[in-house]
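First the proteins, then the strands, lettered A, B, ... as listed; each starts at 1. Atom set for the values below is all heavy atoms of this structure, side chains included, hydrogens, waters and symmetry mates excluded.
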Number of protein chains: 2
Amino acid sequence: MEYDQMETYLKAIGDQKRLLILKFLAKEALRICEFTDLLEMTQPAISQHMRKLKHAGLVWEEKRGRWTIWSLNTQHMQYPVLIHLLDLLPEPRRSIGRLIAEGKK
Amino acid sequence: MEYDQMETYLKAIGDQKRLLILKFLAKEALRICEFTDLLEMTQPAISQHMRKLKHAGLVWEEKRGRWTIWSLNTQHMQYPVLIHLLDLLPEPRRSIGRLIAEGKK
DNA sequence: CCATTATATAAGCAACCACTTATGTATTCA
DNA sequence: TGAATACATAAGTGGTTGCTTATATAATGG
């Protein structure tokens, strides 16, 4: 792996919000509209983070109807490292289960 | 580890020049003036990178006379991850051995 | 003691980043 | 078909980054 690729990778995961997104995706695939509730961020902000993660090859997108379903790319060369790092981070305050309970999913 | 600490860590290593610095330090402790030759960068630029690495707890500094000798902090929580990542990167073009041959060390 | 060497730090600057608001484009559903 | 929903993208903005040049400080060596 070259230095510029490594930089792209580390810059992609070197952001609190994106780490949180990845932490969620490590559990299950999610849609943008679910992230807006989970992260309490606007939809364009999420979209832009996803674009950055996609550019680094960390996530996949699957268009289904009006939704875009995002999931972790488990084939990424540094996927094991990513999982290791995510495991060090605490569980998010808001959870997907909470969303379901609130009838948002 | 909290999200902001992880971000600080990843931002610190998420830079080509700093990855190169760390790659050199993984071999041996070095001084600023040696880095200016190895990386072909100005002295203040190096100093500022070292400050950032120090702030993230990745390196130690040891003042000896007019020199400051920098070395990797092998006690850092994410030291094994760092070594793993550095091992994926190619050996730098310029080497310490080359410096010695040129009579600069 | 004075010149040299090694380093830190400050100010300035261009580029980049992460957000915002605004808008365009599909898709679904009544 | 028209309203609502999900999403992408563009433009604008304030803050950050990584460099530069300039300068200060401290140690060494003649």
Side-chain angles (χ1 to χ4, degrees), chain A residues 3-22 24-25 29-56 58-71 96 99 102-105, chain B residues 3-22 24-25 29-56 58-71 96 99 102-105:
Chain A
Y3 285 82
D4 58 342
Q5 288 176 270
M6 185 67 82
E7 180 180 293
T8 300
Y9 171 71
L10 293 171
K11 275 188 174 11
I13 65 174
D15 177 273
Q16 288 192 56
K17 295 288 173 55
R18 285 194 293 273
L19 284 169
L20 201 47
I21 288 172
L22 293 166
F24 279 117
L25 289 181
L30 287 167
R31 310 189 298 261
I32 301 284
C33 57
E34 290 170 319
F35 281 120
T36 59
D37 289 321
L38 289 169
L39 307 184
E40 289 169 304
M41 285 177 71
T42 64
Q43 172 265 314
I46 306 276
S47 278
Q48 285 157 26
H49 281 306
M50 298 320 289
R51 183 163 52 179
K52 190 151 246 176
L53 291 173
K54 183 188 167 192
H55 181 250
L58 289 163
V59 295
W60 288 113
E61 64 180 325
E62 188 201 334
K63 302 266 181 188
R64 197 181 299 171
R66 59 180 156 174
W67 297 333
T68 309
I69 294 154
W70 295 87
S71 53
I96 299 156
L99 276 195
E102 289 170 5
K104 288 185 178 175
K105 197 184 153 98
Chain B
Y3 286 82
D4 58 341
Q5 289 176 268
M6 185 66 83
E7 179 179 294
T8 300
Y9 172 71
L10 292 172
K11 275 188 174 11
I13 66 174
D15 177 273
Q16 288 193 55
K17 294 289 173 53
R18 286 194 292 274
L19 283 169
L20 201 46
I21 288 171
L22 293 166
F24 279 118
L25 289 182
L30 287 167
R31 311 188 298 262
I32 301 285
C33 57
E34 290 169 319
F35 281 120
T36 59
D37 290 321
L38 289 170
L39 307 184
E40 289 169 304
M41 285 177 72
T42 64
Q43 172 265 315
I46 306 275
S47 277
Q48 286 158 26
H49 281 306
M50 298 319 289
R51 182 163 52 180
K52 189 151 247 177
L53 291 172
K54 182 188 167 190
H55 180 250
L58 290 163
V59 295
W60 287 113
E61 63 180 326
E62 189 201 333
K63 302 268 181 185
R64 198 181 298 171
R66 59 181 155 172
W67 298 331
T68 309
I69 294 153
W70 295 86
S71 51
I96 298 156
L99 276 195
E102 289 170 3
K104 286 186 178 173
K105 196 183 151 99

Are the side chain of [X] and the backbone of [Y] linked by a donor-acceptor contact shorter than 3.5 Å?
X       : Y       : value
B/Glu61 : B/Thr68 : no
A/Arg18 : A/Ala12 : yes
A/Glu7  : B/Gln16 : yes
A/Lys11 : B/Gly14 : yes

Starting at [atom1] of [X] and ending at [atom2] of [N], how long is that distance when rounded to a whole Å?
X       : N      : atom1 : atom2 : result
B/Asp37 : C/dT5  : CG    : C1'   : 13 Å
A/Arg31 : C/dT27 : CZ    : C1'   : 14 Å
B/Glu7  : C/dA18 : CD    : C1'   : 11 Å
A/Met41 : C/dC19 : CE    : C1'   : 8 Å
A/Phe35 : C/dA18 : CZ    : P     : 16 Å

Taking C-beta and beyond as the side chain, do B/Phe24 and B/Leu39 meet within less than 4.5 Å on heavy atoms?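 B/Phe24 reaches B/Leu39 side chain to side chain.
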Side chains of B/Leu30 and B/Leu38 in contact at under 4.5 Å (non-hydrogen atoms):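 When only atoms from C-beta onward are counted, B/Leu38 and B/Leu30 do touch, with a gap below 4.5 Å.
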Residue pair [X] / [Y]: nearest heavy atoms and the distance that separates them:
X       : Y       : answer
B/Thr36 : B/Thr42 : CG2-C, 4.1 Å
B/Ile13 : B/Leu22 : CG2-CD1, 3.9 Å
A/Trp70 : A/Leu25 : O-CD2, 3.4 Å

N/O to N/O distances under 3.5 Å, protein versus nucleotides 12-17 of chain C:
none

Name the residue closer to the 5' end of DNA chain D, choosing between B/Thr42 and A/Cys33 according to the nucleotide with the nearest heavy atom.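 First, find each residue's nearest nucleotide; the 5'-ward one identifies A/Cys33.
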So which one's nearest nucleotide on DNA chain D is more toward 5', A/Pro44 or A/Arg66?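 Checking each residue's closest nucleotide, the 5'-ward one belongs to A/Arg66.
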C/dT9 phosphate, OP1 or OP2, under 4.0 Å from B/Arg51 side-chain N/O: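 Yes, B/Arg51 has a side-chain N/O under 4.0 Å of OP1/OP2 on C/dT9.
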Give one of base, sugar-phosphate or nothing for B/Gln16, where a contact means two heavy atoms less than 4.0 Å apart.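 The residue B/Gln16 makes no contact with any strand.
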What does A/Ser47 touch in the nucleic acid at a heavy-atom separation under 4.0 angstrom: a base, only the sugar-phosphate, or nothing?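 Base contact - A/Ser47 has a heavy atom under 4.0 Å of at least one base atom.
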First and last nucleotide of DNA chain D, 5' to 3', lying under 4.0 Å from heavy atoms of chain A: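 Reading along DNA chain D, I get D/dT5 to D/dA10.
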Of A/Gly65 and A/Lys17, whose nearest nucleotide on DNA chain C comes first from the 5' end?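 By nearest-heavy-atom nucleotide position, the 5'-most residue is A/Lys17.
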